[in-house]
Asks: 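Handing you this structure, nothing more for now.
Just the heavy atoms: all of them, side chains too, but no hydrogens, waters or symmetry mates, feed the values below.
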Amino acid sequence: MFILGNVDTLTAKKLTRPSMICQVVDMLDETDAVGASLPLICALHPETITQVESVADFDLFVKDGGCSLACTTRLSCGHTCPRQCHPDDRAHQTVKCSKECQLLHQPCGHPCTKMCHEECGLCMRGIPNVPLPCGHVAILLPCHIAQTPESHPCKEEVTVEMLCGHTLQVPCHLASRFLADPCMCTAACGWGLVLRPLLCEELWGVFAEDLREQGPHYHRCNCSHANASQQLCPPRLQPEVQ
């Protein structure tokens, strides 16, 4: 049993009115059991005794419940346990290694930059001047994207000439879509309004060629094919009066 307190405070009234606590203190004093600190014996290192004099000493010397010695257990990663001596979690199932990861990304061989307990994930090392399949060069790409440059949408602006005659500046990876679909024209163009609901996908190749000559105000599809909206192609449009 331990009695914690200030001896002078507990025995302040000893001269005027002796109390039971005064008798207890005298008994402890006779056996040299009164001291200024609390001795703590480590469960893992019984030979180590830690003297604590204040609440702050618990966090300073025995914060993990053992003693001030370092835990020397090897974790599954090969690093030493980062904790101070701890009687809990002796299997180290919840201990997270705080050392730098020593693994290499594959197939690039770049070292992982994360902490050991974290998933390596994708290699994020910057690779400069990566050639793209379109012929442009990406100034800087993460390594995992640079390994497959065909998956990177090129954002370099290129000039495309639409069927309607307008010239647009669009991102390189969208150029083919703009060229294949005149309704994507972003200029003050009537094609998107007139043609989008009318296009018959099977006749588009012939129809697009016809539009080069006659402009966006005609629709010559009188077939029975279903268009994108799953409806039959509408009747032929009449030219608008300019």
Asks: Is Thr113 close to Met124 at the side-chain level, that is, under 4.5 Å between some pair of heavy atoms?
Replies: no
Asks: Can you give each donor-acceptor pair under 3.5 Å made by side-chain atoms of residues 70-80, sequence neighbours left out, with the distance rounded to 0.1 Å?
Replies:
residue: Arg74; atom: NH1; partner: Gly78; partner atom: O; Å: 2.7

Asks: I'd like to check Leu44 versus Arg90 (side-chain heavy atoms, cut-off strictly below 4.5 Å). Are they in contact?
Replies: yes
Asks: Of all residues at least two apart in sequence or in a different chain, which pass the side-chain contact (heavy atoms from CB on, under 4.5 Å) check with Pro87?
Replies: none
Asks: Work out which heavy atom in Gly126 is nearest to a heavy atom in Leu140; give both atom names and the distance.
Replies: C-CD1, 3.7 Å
Asks: Listing request: all ring-ring contact (aromatic ring centres under 6.0 Å, His included) pairs with a residue in residues 22-56, at least two apart in sequence or in separate chains.
Replies: none
Asks: As an exercise, state the distance from CD1 of Ile139 to CD1 of Ile127, rounded to the nearest 0.5 Å.
Replies: 15.0 Å
Asks: Give a yes or no on whether Leu60 and Val62 share a hydrophobic cluster (residues Ile, Leu, Val, Met, Phe, Trp, Tyr; joining criterion: side-chain heavy atoms under 4.5 Å apart).
Replies: yes
Asks: Shortest non-hydrogen contact from Val130 to Ala146?
Replies: CG2-CB, 3.9 Å
Asks: What's the shortest heavy-atom distance between Thr94 and Asp89, and which atoms?
Replies: OG1-OD2, 2.6 Å
Asks: Looking at every heavy atom in both His144 and Leu122, which two are closest together, and how far apart are they?
Replies: CD2-CD1, 3.4 Å
Asks: Would you please test Leu168 and Met162 for side-chain contact (heavy atoms from CB on, under 4.5 Å) and show each step?
Replies: CA-CA 8 Å; Leu168 305 177; Met162 305 293 288; 3.8 Å; yes
Asks: Glu150: what forms a side-chain contact (heavy atoms from CB on, under 4.5 Å) with it, not counting sequence neighbours?
Replies: Pro133, Thr148
Asks: Applying side-chain contact (heavy atoms from CB on, under 4.5 Å), name anything that partners Pro131, two or more places apart in sequence or on another chain.
Replies: none
Asks: Check ring pair (Phe, Tyr, Trp, His ring centres under 6.0 Å) between His110 and all other residues, then give those that pass, not counting sequence neighbours.
Replies: none
Asks: So, the side chain of Gln84 versus the backbone of Phe61: is there a donor-acceptor pair under 3.5 Å, distance only?
Replies: yes
Asks: Any non-hydrogen side-chain atom of Arg125 less than 4.5 Å from a side-chain atom of Pro111?
Replies: yes
Asks: Which residues pass the ring pair (Phe, Tyr, Trp, His ring centres under 6.0 Å) test with His86, sequence neighbours left out?
Replies: His92
Asks: Return the set of residues passing side chain to side chain donor-acceptor pair (under 3.5 Å) with Gln51 (not counting sequence neighbours), or none when no residue passes.
Replies: Ser37
Asks: Just grab all the salt bridge (Lys or Arg N to Asp or Glu O under 4.0 Å) pairs involving residues 99-115, residues at least two apart or on different chains.
Replies: none
Asks: Counting only heavy atoms from other residues, nucleotides and ligands, does the tally under 6.0 Å from CE of Met115 exceed 12?
Replies: yes
Asks: For residues Pro82 and Val95, determine if any side-chain heavy atom of one lies less than 4.5 Å from a side-chain heavy atom of the other.
Replies: yes
Asks: When rounded to the nearest 0.5 angstrom, what is the spacing between SG in Cys120 and CD in Gln106?
Replies: 10.5 Å
Asks: Side-chain contact, heavy-atom cut-off 4.5 Å: Pro153 with Pro171?
Replies: no
Asks: Could you note down all residue pairs passing salt bridge (Lys or Arg N to Asp or Glu O under 4.0 Å) where residues 42-68 supplies at least one of them, sequence neighbours left out?
Replies: Asp64-Arg83
Asks: Applying side-chain contact (heavy atoms from CB on, under 4.5 Å), name anything that partners Cys172, two or more places apart in sequence or on another chain.
Replies: Cys134, His136, Cys154, Val158
Asks: Measure the CG-OG distance between Leu132 and Ser151 for me, rounded to the nearest 0.5 Å.
Replies: 9.5 Å
Asks: With sequence neighbours excluded, tell me which residues meet side chain to side chain donor-acceptor pair (under 3.5 Å) with Gln169.
Replies: Thr159
